[in-house]
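Reminder, nothing fancy here: chain letters follow the sequence lines and each chain counts from 1.
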Amino acid sequence: MKITTWNINSLAARLQHMLDWVAANPVDVLCLQELKLTEDKFPLLELHAAGYTHCAVFGQKTYNGVAILSRTPVRDVAKNIAGFADEHSRVIAATIDGPQGELRVVNGYFVNGQAPGTEKFAYKMNWLGGLNAYLCDELRRHERLVLLGDFNIAPEDRDSYDPDGLRDTIHHTKEEREHFRKLLELGLCDGFRLFEQPEKSFSWWDYRMLGYQKNRGLRIDHILVSEALRAHVKSCAIDRAPRKWKQPSDHAPVTIEF
DNA sequence: ATGGCGACCCTCGGTCGA
């Protein structure tokens, strides 16, 4: 079973791009972030035709928006973080049957946070606090859980193209990394780091300044798995191919296999 | 050569992203 996370940076702008990718990579579950559209604009027909007949969507106009696309039924769909009031559409969770049993999938578009000291950064910290409490509860109910999405956090120095130059800037601050560590302390582990990976593996590159061509990127898209799932993970990889296509998303898809 | 993007909308300039 394969599950992918991908910040698509507008599903309307990237629909054909996404369909081309799933045609070549027919993953079982595709978790998207930054749909930038409302549910009434969601391309259900095209996704059904592509085999994703079960879609859980939490849309929003212009900003945010997340979805879980599945080839098999999704149930117990939950939107946003229980117990945390949020104006934005940033989290969607669903239960899906996997080969060894049911799987709880929590898909998040984490807050960007702009810069330390700003109101947006304070929102990011509060949001991450709310998420942690929510996950703590979800893990109590679902032993087999995957938390994935655009975390907007580079957890370690090796997850950044310039860890020294960017030290204490957004995605790199101690506070953000502490929040990431607290998620691991809940019993989650970083699927990507279960395996030997190439040096300078990133999942996002700035559109500006020839970011991709110079591999000036960050690894901010993650897939965390609960302890019960850890031994079942067969692979986890970033697919840089679609970042080279014409008019790409600035993020690459990350796929885990069980 | 030190700047080089892209998507959105109460849309052609400002906001946001990371």
**Prompt:** When you match A/Leu210 and A/Ile220 each to their closest nucleotide on DNA chain B, which lands nearer the 5' end?
**Reply:**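 By nearest-heavy-atom nucleotide position, the 5'-most residue is A/Leu210.
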**Request:** Let me know, please, whether A/Lys214 or A/Gln114 comes out on the 5' side of the other along DNA chain B by nearest nucleotide.
**Result:** A/Lys214
Taking [atom1] from [X] and [atom2] from [N], how many angstroms apart are they, rounded to a whole number?
{"X": "A/Asp150", "N": "B/dC16", "atom1": "CG", "atom2": "P", "value": "18 Å"}
{"X": "A/Met209", "N": "B/dG4", "atom1": "CE", "atom2": "P", "value": "10 Å"}
{"X": "A/Phe121", "N": "B/dC16", "atom1": "CZ", "atom2": "C1'", "value": "18 Å"}
{"X": "A/Arg208", "N": "B/dG17", "atom1": "CZ", "atom2": "P", "value": "12 Å"}
{"X": "A/Asp250", "N": "B/dC16", "atom1": "CG", "atom2": "P", "value": "17 Å"}
{"X": "A/Gln213", "N": "B/dC5", "atom1": "CD", "atom2": "C1'", "value": "11 Å"}
{"X": "A/Tyr109", "N": "B/dC16", "atom1": "OH", "atom2": "P", "value": "12 Å"}
{"X": "A/Asn64", "N": "B/dA18", "atom1": "CG", "atom2": "C1'", "value": "14 Å"}

**Item:** Inter-residue atom distance A/Ile220.CD1 - A/Asp159.CG, 0.5 Å rounding
**Value:** 10.5 Å
In whole Å, what separates the [atom1] atom of [N] from that of [M]?
{"N": "B/dA1", "M": "B/dG6", "atom1": "P", "result": "25 Å"}
{"N": "B/dG4", "M": "B/dC9", "atom1": "P", "result": "25 Å"}
{"N": "B/dC16", "M": "B/dT11", "atom1": "C1'", "result": "16 Å"}
{"N": "B/dT15", "M": "B/dC10", "atom1": "P", "result": "15 Å"}
{"N": "B/dA7", "M": "B/dA18", "atom1": "C1'", "result": "14 Å"}

**Request:** For the residue pair A/His251 and A/Trp204, categorise the inter-ring angle as parallel (less than 30°), tilted (30 to 60°) or perpendicular (more than 60°).
**Result:**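 Because their plane-to-plane angle lies in the 30° to 60° range, the rings of A/His251 and A/Trp204 count as tilted.
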**Request:** Among A/Thr95, A/Val106, A/Asp137, find the residue that satisfies the side chain to side chain contact (heavy atoms under 4.5 Å, CB included) test when tested with A/His142.
**Result:** A/Thr95
**Short side-chain donor-acceptor distance under 3.5 Å, A/Glu34 and A/Asn64** =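 The criterion, which ignores hydrogens and geometry beyond distance, is not satisfied for A/Glu34 and A/Asn64.
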**Prompt:** Does any donor atom in the side chain of A/Tyr123 or A/Asp86 lie under 3.5 Å from an acceptor atom in the other side chain?
**Reply:**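 Indeed, the side chains of A/Tyr123 and A/Asp86 share at least one donor-acceptor pair under 3.5 Å.
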**Prompt:** Residues in ring pair (Phe, Tyr, Trp, His ring centres under 6.0 Å) with A/Phe110, at least two apart?
**Reply:** A/Trp127, A/Phe151
**Prompt:** Contact class for A/Asp206 (heavy atom, under 4.0 Å): base, sugar-phosphate, or nothing?
**Reply:**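 Nothing, no nucleic acid heavy atom in range.
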**Message:** Looking only at the aromatic ring of each residue, does the gap between the centers of A/Trp21 and A/Trp6 stay below 6.0 angstrom?
**Reply:** yes
**Prompt:** Between B/dG17 and A/Lys120, is there an OP1 or OP2 to side-chain N/O distance shorter than 4.0 Å?
**Reply:**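 For B/dG17, OP1 or OP2 has a side-chain N or O of A/Lys120 closer than 4.0 Å.
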**Message:** Does B/dA18 have its OP1 or OP2 closer than 4.0 Å to a side-chain nitrogen or oxygen of A/His251?
**Reply:**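 A/His251 to B/dA18 OP1/OP2: side-chain N or O found under 4.0 Å.
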**Request:** Test A/Phe180 against A/His222 for ring-ring contact (aromatic ring centres under 6.0 Å, His included), laying out the working first.
**Result:** CA-CA 10 Å; A/Phe180 188 88; A/His222 306 296; 5.2 Å; yes
**Asked** For nucleotides 6-14 of chain B, read 5' to 3', which letter fits each nucleotide if B means a protein heavy atom sits under 4.0 Å from the base, S means only the sugar-phosphate is that close, and - means neither?
**Response** SSSSS----
